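Contents: one structure, followed by commentary.
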Amino acid sequence: MSELSPRRRLLVLAICCMSLLLVSLDNTVLNVALPSLQRDLDASTSGLQWTIDAYTLVLASLLMLAGSTADRIGRRRVFTAGLVVFTLGSLLCSLAPNLEALVAFRMVQAVGGSMLNPVAMSIITNTFTDPRERARAIGAWGAVVGLSMAAGPLVGGLLVDSVGWRSIFWINLPVGLAALVLTLRFVPESRAPKARRADPVGQLLVIALFGSLTYAIIEAPHASLSTTVPFGAVALASLVALLRYESRRHEPLIDLRFFRSAPFSGATVIAVSAFASLGGFLFLSTLYLQNVRGLSALGAGLWMLPMALPTFLCAPLSGRLVGNRGPRLPLLIAGGAMTAAGLLFALFEAETSNATLIAGYVLFGVGFGFVNAPITNTAVSGMPRAQAGVAAAVASTSRQLGQALGVAVVGAVLAAGVGSSSYAESFTEASRPGWWIITACGLAVLVVGAATSGRWARATARRTAERLESAEIREVAGADA
């Protein structure tokens, strides 16, 4: 891809951020609509989990395929297709007659969404080649997540209270169409110098692993061991087979050599932990504010602003810190703040007091605002530019898998503890294990961030990048010969 003017680069960044706004806004808006959707479609707690996890699971399963496909056939082409499918899926979701249809149409949305975020990040990485400029661009990209968290609950609350939960999917239509037109007009085409072959076996193993694991977790409180244990066994067998198969394949779906880099491995663990914490946090908060406190969807959205605004404000600051000082400080701030927020709820029942509830939301918002930029920057900066799509897809997959697991695990422990006859009374006690899980995820961000952002870790990243580049040069030379 030829060098673009500064103005054109900023325009490309804005278009890519629009795609992130589509995907992240959809999740935050849907969380506020869960209680309304539960009443309208007579959904159980597990049904609510599936409306979220059906999307995030398909997204996580297909992100790496989308990233490698974009590197092979063209990033703008795949990005454009993703916008079309996502917008169509949003329209179908707004017309869903029942819970089963909504879950199915959410999966259609996810197919489109899988072609957006990792491909957009790959476009950004190849557009902003200077490390500092790229870190700032990624910081702006992360700020969009904060914007979606700030706008999502308010917009969703207004739409749910005034029109109904179906209208939350309508807002994707104009944004998706505008992003599609702008992409066709301004985003240049780019692809990796050497095309990667498809890996259908690896893709099927990833789908089997993610799907069976999540099903076993969500259905555990309601189903017998004879139902859930086989799915757990399928997940374990899929993981073992995936590791063995991918390590022997010449062009794997998941290049296991990436994980020789301590920062890359750390970024993967941090992404899973941080987004598991986010998924569980939003799930518990939404149900508490509306089903226990009795707030409207808009009222719940307003109460979430103390979490959303710090995320929005801290994300660009985190990007600048990563660009100027590296990822260590932002990761320590993120892990410390998220751990403190979880402890407020787990130890001191922060939700039962307005002051502690706001404090917990602010702390979590600060932590989550600082965590996104170092994850993304670490994942892609130590990799050869030709592998940017795949590396970004692994980071995005880790995020989506983490969010799916957070909703699944926290929702499962909540469903197991809440009494059917006294939901409001039992919610606080039943949610306690969930808050401890969220605390543990924050602590993982803190510990892994500290361990994988030092000099030793950076040295492993340099060695890994050199080996990957050398292997790529040898492969290209062999192909030319």
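Position 1 is the first residue of the sequence; numbering continues from there. Computed from a predicted model, the values in this text were never measured in an experiment.
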* **Salt-bridge contact E246-R257 (side-chain N to carboxylate O under 4.0 Å)** =>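 The answer is no: the pair does not qualify as a salt bridge.
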
* **side-chain hydrogen bond (donor to acceptor under 3.5 Å, both in side chains) evaluation trace for W303 with Q290** => CA-CA 11 Å; W303 264 99; Q290 295 188 58; over 6 Å; no

Does any non-hydrogen side-chain atom of [Y] lie less than 4.5 Å from one of [X]?
X	Y	result
L405	L213	yes
D199	Y245	yes
L63	M115	no
L205	L209	no
I217	T214	no
V12	C16	yes
T56	V407	no
C93	L102	yes

Which atom pair, heavy atoms only, marks the closest approach of [X] to [Y]?
X	Y	answer
A341	L363	CB-CB, 3.8 Å
A334	F370	CB-CB, 3.9 Å
L284	L414	CD2-CD2, 4.0 Å
F210	A60	CE1-O, 3.7 Å
M18	V175	CE-O, 3.8 Å
A70	V119	CB-CG2, 3.7 Å

* Do W165 and Q38 get their side chains close enough for a donor-acceptor pair, meaning under 3.5 Å? ->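 Note: W165 and Q38 side chains miss the donor-acceptor criterion.
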
* Asked: With a 3.5 Å cut-off and no angle check, do the side chains of Y361 and S285 form a donor-acceptor pair?
  ->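 Yes - a donor-acceptor pair under 3.5 Å links their side chains.
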
* Asked: Centroid-to-centroid, F281 to F345, below 6.0 Å?
  ->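 Here the rings of F345 and F281 have centres that are less than 6.0 Å from each other.
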
* To do: May I ask you to check whether F275 and F368 place their ring centres under 6.0 Å from each other?
  =>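 Yes.
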
* Between OG of S46 and CG of D53, what distance do you get to the nearest 0.5 Å? ->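 Reported to 0.5 Å precision, the distance equals 11.0 Å.
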
* Rounded distance (nearest 0.5 Å) linking atom CG of L83 with atom CG of N172 ->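 The CG atom of N172 is 11.0 Å from CG of L83, to the nearest 0.5 Å.
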
* Identify which one of L30, V103, V23 satisfies the side-chain contact (heavy atoms from CB on, under 4.5 Å) criterion when paired with Y55. =>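 With Y55 as partner, side-chain contact (heavy atoms from CB on, under 4.5 Å) holds for just one option, V23.
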
* To do: Using a cut-off of 6.0 Å, state whether more than 12 heavy atoms not belonging to R293 lie near its atom CZ.
  =>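 For R293, atom CZ is crowded (more than 12 foreign heavy atoms under 6.0 Å).
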
* Hey, does the side chain of T439 reach the backbone of W435 with a donor-acceptor pair shorter than 3.5 angstrom? ->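 Checked: pair present.
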
* To do: Would you confirm whether T311, through its side chain, and G365, through its main-chain N or O, come within 3.5 Å as a donor-acceptor pair?
  =>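 Such a contact is found between T311 side chain and G365 backbone.
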
